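Owing to the predicted nature of the structure, the values given are computational and were not obtained by experimental measurement.
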Amino acid sequence: MKKQIKFLLIFIPVSIGLTFFQIDSLWKFLSSAVAIIPLAAIMTYMIDKTASYLGSTWGGLLSITFGNSTELIISLFAILDGLLNVVKAAITGSIIMNLLLILGLSFFVGGLKHRRQSFDKVMAITNSAMLMLAVIGMLIPAIFYFGSNNIKTIVLGKLSVGVGVVLFLTYLASLYFTLFVHEREKGSTGQGEEPPQKGDIIRNIGYLLVVTIFIAIEAQILVGSIESISREFNI
């Protein structure tokens, strides 16, 4: 990781200090936002390093799990603070970024090096089906919300929870299929190019957990200062 990004780690104690002295200002918001940048960079570096031992499948799962933890933690704190519009914006931005920006850049950068890129047909079909289920799951509460003026909020809330549970169970089923059924069909050992070192894997995962804790602290500071920033700048 570049030293310029490591230098930003100084904003971690700055944001914590501003919070300790209960200073509600733009500086607390900015310092916590900047502090998350090097933490996310460290997390990405550790994920890539650990994935080299675990192979593409388990490494990809680790990347997805920890790679999205920053947005997940921020969203959880925002929900607890009642900032539902912030959560909606974060989810929308995450969907657009992953489906358009990251996927498009992957195709583009891969095409610069390889004239023809290959992919797993079964996993492509599985991911497409999962995407369709996710879209349908998000559309169902929206259809009820905009289609009926008489529907009660509590009914819509229960419907949303039900859809969320179904989507989560579907995600778990897809994980089982990807990590066990499909890997067994391919006859893959699931290992990367380098021989797995148990001590290195445990140490790297430990670092990831520590970084996740710091991200959670900074996310709480960031979300906690949103309301004061909104009032100060009339947003």
Side-chain angles (χ1 to χ4, degrees), residues 1-51 53-54 58-98 101-102 134 160-161 164-165 167-168 171-172 175 200-232 235:
M1 192 176 65
K2 295 182 178 180
K3 293 182 179 181
Q4 293 86 339
I5 297 180
K6 288 184 178 180
F7 175 75
L8 297 178
L9 291 172
I10 194 174
F11 285 96
I12 296 177
V14 171
S15 60
I16 295 176
L18 293 174
T19 304
F20 179 78
F21 290 105
Q22 299 181 351
I23 300 176
D24 291 330
S25 66
L26 176 63
W27 296 112
K28 186 175 76 170
F29 177 83
L30 293 177
S31 60
S32 59
V34 174
I36 291 177
I37 296 175
L39 291 172
I42 294 174
M43 177 173 288
T44 302
Y45 172 77
M46 297 306 302
I47 288 173
D48 293 340
K49 191 174 181 180
T50 307
Y53 297 111
L54 299 178
W58 286 95
L61 174 62
L62 183 70
S63 177
I64 293 172
T65 303
F66 283 96
N68 293 309
S69 62
T70 302
E71 292 131 341
L72 177 61
I73 293 171
I74 292 176
S75 297
L76 288 176
F77 282 116
I79 291 175
L80 293 176
D81 285 0
L83 302 174
L84 299 183
N85 287 332
V86 175
V87 179
K88 292 177 182 178
I91 293 175
T92 303
S94 180
I95 292 174
I96 294 175
M97 181 182 66
N98 284 282
L101 177 62
I102 294 180
S160 299
V161 171
V165 170
L167 291 179
F168 181 68
Y171 171 70
L172 294 180
L175 285 182
D200 292 336
I201 295 175
I202 294 176
R203 183 171 60 253
N204 291 343
I205 292 178
Y207 287 149
L208 285 174
L209 292 176
V210 172
V211 173
T212 303
I213 293 174
F214 276 104
I215 289 179
I217 295 173
E218 294 299 330
Q220 185 176 16
I221 297 173
L222 177 69
V223 173
S225 59
I226 289 179
E227 290 187 355
S228 61
I229 294 298
S230 300
R231 290 192 303 266
E232 183 175 349
I235 301 175

*Asks:* Looking at every non-hydrogen atom in both residues, tell me the closest pair between Ala219 and Ile74 and how far apart they are.
*Replies:*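 In this case the closest contact between Ala219 and Ile74 is CB-CG1, 3.6 Å.
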
*Asks:* Atom CZ of Phe20 and atom CD1 of Ile221: how far apart are they, to the nearest 0.5 Å?
*Replies:*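 The CD1 atom of Ile221 is 12.5 Å from CZ of Phe20, to the nearest 0.5 Å.
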
*Asks:* With Leu76, which residues qualify under side chain to side chain contact (heavy atoms under 4.5 Å, CB included), at least two apart?
*Replies:*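 Leu76: side chain to side chain contact (heavy atoms under 4.5 Å, CB included) contacts with Leu72.
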
*Asks:* How long is the span from the CG atom in Leu30 to the CZ atom in Phe11, to the nearest 0.5 Å?
*Replies:*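 The distance works out to 9.0 Å.
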
*Asks:* Provide the full list of side-chain hydrogen bond (donor to acceptor under 3.5 Å, both in side chains) pairs with a residue in residues 85-94, sequence neighbours left out, each pair given once.
*Replies:*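 Residue pairs passing side-chain hydrogen bond (donor to acceptor under 3.5 Å, both in side chains), neighbours aside: Ser94-Asn98.
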
*Asks:* Can Val223 and Val86 be said to form a side-chain contact (heavy atoms from CB on, under 4.5 Å), step by step?
*Replies:* CA-CA 9 Å; Val223 173; Val86 175; over 6 Å; no

*Asks:* Quick one: list whatever passes side chain to side chain contact (heavy atoms under 4.5 Å, CB included) with Val87, sequence neighbours left out.
*Replies:*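 Result, side chain to side chain contact (heavy atoms under 4.5 Å, CB included) vs Val87: Ser75, Ala78, Ile79, Ile91.
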
*Asks:* What's the spacing between Phe214 CZ and Ile12 CD1 if we round to 0.5 Å?
*Replies:*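 Answer rounded to 0.5 Å: 6.0 Å.
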
*Asks:* Which atom pairs, donor and acceptor, lie under 3.5 Å between side-chain atoms of residues 32-41 and protein residues at least two apart or in another chain?
*Replies:*
unit_1	atom_1	unit_2	atom_2	d
Ser32	OG	Lys28	O	3.0
Ser32	OG	Phe29	O	2.9

*Asks:* For the residue pair Leu208 and Met43, what are the closest heavy atoms and their distance?
*Replies:*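 That closest heavy-atom pairing would be CD2-O, 3.7 Å.
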
*Asks:* Ile229 and Leu26: which non-hydrogen atoms are nearest, and at how many Å?
*Replies:*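 Answer, listing the atom of Ile229 first, then Leu26: CD1-CA, 3.4 Å.
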
*Asks:* Looking at CD1 of Ile42 and CG of Leu9, how far apart are the two atoms once the value is rounded to the nearest 0.5 Å?
*Replies:*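 Answer rounded to 0.5 Å: 4.5 Å.
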
*Asks:* Which residues satisfy the side chain to side chain contact (heavy atoms under 4.5 Å, CB included) test with Val161, sequence neighbours excluded?
*Replies:*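 Expected list: Val165.
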
*Asks:* Determine which pairs satisfy side-chain hydrogen bond (donor to acceptor under 3.5 Å, both in side chains) with at least one residue from residues 210-221, sequence neighbours left out, and list them in order.
*Replies:*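 The answer is Ser15-Glu218.
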
